[in-house]
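Have a look at the structure below before the remarks.
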Amino acid sequence: MAVPYKHEPFTDFSFEENVQEFKKALNQVKKELGKEYDLVIGGKKVTTEEKIISVNPANISEVVGTVSKASKDLAEKAMQVADKTFQTWKKWDPEVRAEILFKAAAIVRRRKHEFSAYLVYEAGKPWNEADADTAEAIDFLEYYGRQMIELAKGYPVESRKIENNRLSYIPLGVGVVISPWNFAFAIMAGMTSAALVAGNTVLLKPASTTPVVAAKFIEVLEEAGLPAGVVNFIPGSGSEVGDYLVDHPKTRFISFTGSKEVGIRIYERAAKVQEGQIWLKRVVAEMGGKDTIVVDNQADLDLAAESIVKSAFGFSGQKCSACSRAVIHEDVYDDVLEKAIKLTKKLTVGDPIENTSMGPVNDQAAFDKVMSYIDIGKEEGMLVTGGKGDNSKGYFIEPTIFSGVDAHARLMQEEIFGPVVAFCKAKTFDHALEIANNTDYGLTGAVITNNRAHIEKAKQEFYVGNLYFNRGCTGAIVGYHPFGGFNMSGTDSKAGGPDYLLLFTQAKLLSEQL
Ligand code: NAD
């Protein structure tokens, strides 16, 4: 029997020993950079001519790995294998499926710094962010394994003298898992492991800028004893392989995390019933955010500034939960702004191999997008710190604050996904909540206040999936903070929560007349 779930502790880099261990892993992984990785279909490696080249966003001349790229034909082959494998995998004892996840978690835990080092090189994550990403991947494996063991017991329904009744949860079929690059390990591993532990087979299409860490995870699953064909690894173009599999009549569900635009596209396409399709596809789509920290006039202003700066600039603002709007009561606006600027100026930007506070943004497209929003910001508000970018070696952008931004400005409405935060003044606490709710999104939010009545009001009126008080709005932990948002932030699937696995099952009622 598994011990109770507890989240994987983060590495404390204030200990020199941990620093040395991490440096060792960075050096080791550096020697492995540039390797080739294959597709895996039915347990067999497939090499293609066309490749995805994964580069280090902090050092664009460095290739992290070269990964084979699936075509539609190979995606079709993977679908056939997954469809066939489902017939056997669905009958495996759920407890044994869970044990494979526990074994995979143990393997990753033993190689924790190695995985984090890959995230430093491939995703440009500073050490603590990479370490948290790996810890979260371990957490998902441990947590979903335990959740499956619980779910296998079914939910109680009433029986009576004349009949015995049981409600059980059975898998759906073949699922397409489409993951983002920003939690290149945790979200990819979490979505994949949830789907497979529930008894489904999976076609995994990772993000094109971070396929190497996904390839490493596939190796772990194999080592943990996952049978061939349960998870098939098919990196490829979103628009080619993604569309093909979303449309496929044998696709039973799609588990997607990424942008609002792609999420909507998948949702719309999946709704069309294709010839030969005998079910309605289920879509789990977790999408973008435009997340707000509200600061009240009765609040710890140092805590407010720290929370904003940490949530806005952690991993260069490239979290769906990142604070990109600070809505501050006018009585304390100037003080919080001044404190936030001071903290921001202390942040270092550079190659995360040196354990800087901030690394690069993801790629040239992300760099261009963020810089264009900085230009927009100069029209819409006052640039008070940062604003410069340098893409000569890697995609570096300074942590940037705009002050005096109108509640309806583009900077306050559109997801930038970079190190840019807009400060906006509110007249009252009610006004602050009104501004906080004025976007299409509804993912995370935080309120910094010492006013109990205002906390209660925010609980009712601040319309986001994850609402935090007197802390930042990032850093959800599996099992403690089930994660997912409202409105255009997605289907509120609550990853890392007790009801997440239900999304990958269907309930079957068994009633026997006595
Ligand atoms: P993206 O939408 O560009 O890509 C996500 C995935 O979709 C990638 O694997 C991509 O290749 C694939 N894709 C692209 N076009 C496709 C298509 N036509 N059909 C099928 N798949 C397709 O997102 P991204 O840039 O990788 O990630 C950043 C976004 O993800 C941000 O908007 C962020 O807020 C969001 N995100 C949300 C959450 C959450 O839990 N809500 C978590 C992390 C990231």
Side-chain angles (χ1 to χ4, degrees), residues 52 54 57 67 69-70 72 75 122-123 133 136 140 176-188 190-192 194 203-211 213-214 233-248 251 254-270 281 283-291 315-324 361-363 365-367 369-370 414-418 439-444 464-466 473-476 478 481-497 500:
I52 297 172
S54 172
V67 183
K69 189 174 178 189
K72 280 184 197 165
E122 192 172 38
D133 194 333
E136 190 175 357
F140 278 131
V176 180
V177 170
I178 302 174
S179 55
W181 53 267
N182 70 332
F183 282 85
F185 190 14
I187 294 183
M188 176 273 307
M191 294 201 293
T192 303
L203 304 176
L204 170 61
K205 199 216 82 58
S208 299
T209 50
T210 54
V213 69
F233 183 56
I234 46 162
S237 139
S239 51
E240 190 189 342
V241 169
D243 280 353
Y244 181 76
L245 291 173
V246 167
D247 293 347
H248 203 289
T251 294
I254 297 135
S255 181
F256 167 82
T257 305
S259 63
K260 172 178 123 182
E261 292 69 27
V262 175
I264 291 173
R265 180 185 176 91
I266 290 175
Y267 189 72
E268 287 176 354
R269 293 183 81 108
K281 288 172 191 164
V283 177
V284 176
E286 293 311 311
M287 317 193 310
K290 190 70 193 166
D291 311 299
F315 189 35
S316 307
Q318 300 173 108
K319 301 183 187 182
C320 50
S321 55
C323 168
S324 58
V361 296
N362 183 47
D363 58 9
F367 182 85
K369 181 177 170 193
V370 178
E414 298 170 15
E415 190 182 43
I416 301 171
F417 222 58
T439 77
D440 294 346
Y441 296 101
L443 190 47
T444 76
V464 290
N466 283 51
C473 58
T474 59
V478 172
H481 313 120
F483 191 81
F486 302 155
N487 293 344
M488 280 300 167
S489 292
T491 50
D492 193 33
S493 65
K494 289 290 181 270
Y500 186 67

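Read the numbers this way: they start at 1 and go in the same order the structure lists the ligands and their atoms. This one's a predicted model, so the numbers in the text were calculated from it and none came from an experiment.
Between S208 and ligand 1, not a single N/O pair is under 3.5 Å apart. Not one N or O of K260 is nearer than 3.5 Å to an N or O of ligand 1, by distance alone. Between F183 and ligand 1, no pair of N/O atoms sits closer than 3.5 Å. Between S179 and ligand 1, an N or O atom pair is found at a separation short of 3.5 Å.
No hydrogens or angles considered: nothing links the side chains of E286 and S489 as a donor-acceptor pair under 3.5 Å. Under the 3.5 Å distance criterion, with hydrogens and angles disregarded, no donor-acceptor pair is assigned to the side chains of T210 and E122. Judged purely by distance below 3.5 Å, without hydrogens or angles, the side chains of S493 and T491 never pair a donor atom with an acceptor atom. At a cut-off of 3.5 Å, with distance as the only test, a side-chain donor of K290 or S324 sits close to an acceptor on the other residue.
Heavy-atom contacts of F256 reach the following atoms of ligand 1: 2 (O), 5 (C), 6 (C), 7 (O) (cutoff under 4.0 Å). Which parts of ligand 1 touch I187 is read off a 4.0 Å heavy-atom cut-off, strictly below it: atoms 42 (C), 43 (C). For ligand 1, the atoms sitting less than 4.0 Å from at least one non-hydrogen atom of L443 are 41 (N), numbered in the order shown with element in parentheses.
Checking D291, T209, D243 against atom 18 (N) of ligand 1, the nearest heavy atom belongs to D243. When M188, K494, E415 are ranked by how near their heavy atoms come to atom 31 (C) of ligand 1, first place goes to E415. Looking at G242, P180, G289, it is G242 that brings a heavy atom closest to atom 20 (C) of ligand 1.
Within the 4.0 Å heavy-atom criterion, the part of R265 lying near ligand 1 is the side chain and not the backbone.
Nearest protein heavy-atom contact of atom 40 (O) of ligand 1 is F483 CE2, 3.4 Å. Closest to atom 11 (O) of ligand 1, if we only count protein heavy atoms, is K205 NZ, 2.9 Å. Here the protein heavy atom with the shortest distance to atom 12 (C) of ligand 1 is I178 CG2, 3.5 Å. Of the protein's non-hydrogen atoms, G238 O, 3.2 Å is the one closest to atom 17 (C) of ligand 1. Ranking protein heavy atoms by distance to atom 37 (C) of ligand 1, first place goes to M287 O, 3.0 Å. With respect to atom 43 (C) of ligand 1, the closest heavy atom belonging to the protein is N182 OD1, 3.2 Å. Protein heavy atom closest to atom 26 (O) of ligand 1, with residue, atom name and distance, is W181 CD1, 3.0 Å. At the shortest separation from atom 39 (C) of ligand 1 among protein heavy atoms lies C320 SG, 3.5 Å.
A distance of 4.5 Å separates CD1 in I52 from OG in S208, rounded to the nearest 0.5 Å. Annotation: the span from H248 atom NE2 to R269 atom CZ amounts to 13.5 Å, rounded to 0.5 Å. In this structure, S255 OG and I178 CD1 are separated by 9.0 Å, a value rounded to the nearest 0.5 Å.
Remark: the backbone N or O of S239 is paired with a side-chain donor or acceptor of S237 at under 3.5 angstrom. Not one N or O on the side chain of K369 forms a donor-acceptor pair closer than 3.5 Å with the backbone of G418. In this structure, the side chain of T444 engages the main chain of C473 through a donor-acceptor pair within 3.5 Å. Of the possible polar contacts, one joining the K205 side chain to the G236 backbone as a donor-acceptor pair under 3.5 Å is found.
Under the 4.0 angstrom criterion, atom 4 (O) of ligand 1 counts as lacking any protein heavy-atom contact.
For the pair K260 and Y441, the cation sits on the ring face: its NZ or CZ lies under 6.0 Å from the ring centre, inside 45° of the axis.
Remark: distances from the non-hydrogen atoms of P206 to ligand 1 include one below 4.0 Å.
Annotation for Y267: atom OH does not count as buried by contact number, only 12 or fewer foreign heavy atoms lying within 6.0 Å.
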